[in-house]
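Following: one structure in structure tokens, then a few remarks.
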2 protein chains.
Amino acid sequence: MDDRIKCKQAHVTVDCVVFGLDEQDLKILLIQRGYEPFKGSWAIPGGFVNADESLEAAALRELKEETGVQDVFLEQLYTFGDVHRDPRRRIVTVAYYALVNLRDHTIKAATDASNAAWFGVDDIPKLAFDHARIVETALRRLRGKVRYEPIGFELLPEKFTLTQLQRMYEKILEQDIDKRNFRKKILGMELLKELDEVQVDVAHRAARLYRFDEKKYRQLREKGFNFEI
Amino acid sequence: MDDRIKCKQAHVTVDCVVFGLDEQDLKILLIQRGYEPFKGSWAIPGGFVNADESLEAAALRELKEETGVQDVFLEQLYTFGDVHRDPRRRIVTVAYYALVNLRDHTIKAATDASNAAWFGVDDIPKLAFDHARIVETALRRLRGKVRYEPIGFELLPEKFTLTQLQRMYEKILEQDIDKRNFRKKILGMELLKELDEVQVDVAHRAARLYRFDEKKYRQLREKGFNFEI
DNA sequence: TTGACAAAGTGTATTAAATACACTATACTC
DNA sequence: GAGTATAGTGTATTTAATACACTTTGTCAA
């Protein structure tokens, strides 16, 4: 028998863990709830899925509405559906994670009734619902995935130095990396396009700028190439 | 504003891609639909989520009801929520994949009104809804994950030979593996417990039997050990 | 009983990749 | 033009991956 039609209980939301990287830390974007339940608590941005939009479209829309963030890397993370994860009623949430670069995306400081702010991943306040678990899951995914797929570039500006790139890996993976070995490896992958530009406005020797080579990446991926760091 | 309450449209189902391994092939378990839409089509097992059960519990229940399969490895795969993936109404499905061993799990040949049958992954019929896409996603996940986490054991009987283990990797990854190098590597990981038993009822020299060492695995995983094949 | 068969089981040399490690070059500041 | 802060570079060593072929063992049937 086809029972699909029977299900009138669970409602569907999307929630999104937004990662950003500044000079110091890996950060996530939180909003402060303006309504009950958990009024005043920090939470990750999210909301209901409209009848005529896909899950991903809903995640992008909520992100834009609540934080002003758009044009970002977005990937589905996991779906959380514990019976009592929302104290009011049964809600299943499809969680996504997004990677943005803090330079190009200025975040709306406030929405209708709520604040939005960045928190270092080692300095996250108590969160509403089961959002702590969602954030944990997202961190694990990011740490796992950044090692073998070149997604970390999404956290950097379009043009970046090799040192910035290395710092990104160091902050996400929480381990130091040898500079010479790192450069040997990352340049050997041929995923970077060396630009004829250098840093500006630095009080020391300016570093060469690079850009992630999307086309090359797609070519190499076709061939089953391995991008492990 | 908290819009969570508004969402009265999308309904939630779970669907499950069940993998099994026989002497010849990697297989998946399909059921033949007894009702419209897609009456008579093959589909992966699944159904609605009850108000008082978690997503995983729902997946396990449906699996048992529709195919008799229980006590299996089950992991959430991806959530599919395209607006028109079901022709009748908006349905979001949380897909899981399961690994079973065909020896220990005899599958119910038929449920209430439907057949259940195994199909080689290279020989899958046209499927209902977007199930072809779900199966594809599951295959990609299995192929990716089996390389760096010891989940493939779930497809084998509790006691197995090194040759069976190697065949499992060869069938999933669709590539030949060198026997001596494979043994060197897998024994070097110390995930296998060598038993004092050998195969029975074979018309040639009997091979030694091994068992996956769950405790050792957990210990090594704690230490950030790498299980890449 | 023995010869044919089928799969089990085993070691080494070569190549490639990962790691460890420290100094010189350059551009700016004062 | 001396000081300083970061950029940029090469080699030797260790470790892991790969390539490769024969001997052993047990069963079966003549």
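Taking atom NZ on B/K185 and atom C1' on D/dA17, their separation rounds to 7 Å, with Å as the unit. Rounded to a whole Å, the CG atom of A/L162 is 7 Å from the P atom of D/dG8. Note: CG (A/L165) to P (D/dA7) measures 13 Å, nearest angstrom. Summarising the geometry, the separation between CD1 on B/I186 and C1' on C/dG9 is reported as 17 Å, rounded to the nearest angstrom. As a whole-Å value, the separation of A/R180 CZ from D/dA12 P is 13 Å. A straight line from CZ of B/R208 to C1' of C/dA7 spans 16 Å, rounded to a whole angstrom.
Backbone-only engagement by B/T163 is indicated by non-hydrogen atom pairs under 4.0 Å involving sugar-phosphate atoms exclusively. Looking at heavy-atom distances under 4.0 Å, A/R183 makes contact with a base.
With A/Y210 as the fixed residue, the side-chain contact (heavy atoms from CB on, under 4.5 Å) test singles out one of A/L187, A/T161, A/I186: A/L187.
No close placement of the A/F153 and A/F73 rings is indicated, their centers lying 6.0 Å or farther apart.
Closest to the side chain of B/R205, out of C/dT26, D/dC20, D/dG26, is D/dG26. Out of C/dT10, C/dA6, D/dC20, the shortest distance to the side chain of B/H204 is found at C/dA6.
Looking at B/Y169 and B/F182, their side chains come closer than 4.5 Å, going by heavy atoms from C-beta outward. Between B/Y97 and B/I28 the shortest side-chain heavy-atom distance does not fall below 4.5 Å. Two residues are said to be in side-chain contact when any heavy atoms from C-beta on lie closer than 4.5 Å; B/K145 and B/E75 meet this criterion. The side-chain heavy atoms of A/V49 and A/V94, taken from C-beta on, include no pair separated by under 4.5 Å.
If A/A203 and A/K184 are placed on DNA chain D by their nearest nucleotide, the residue sitting closer to the 5' end is A/A203.
Near DNA chain C, meaning a heavy atom under 4.0 Å away, there are no residues from residues 222-229 of chain B.
Residues forming a ring-ring contact (aromatic ring centres under 6.0 Å, His included) with A/Y96 (at least two apart in sequence, or on another chain): none.
Helix-axis bend for the helix from C/dT1-D/dA30 to C/dC30-D/dG1: the local axis fitted to the five terminal pairs at one end deviates from that at the other end by 10°, rounded to 10°.
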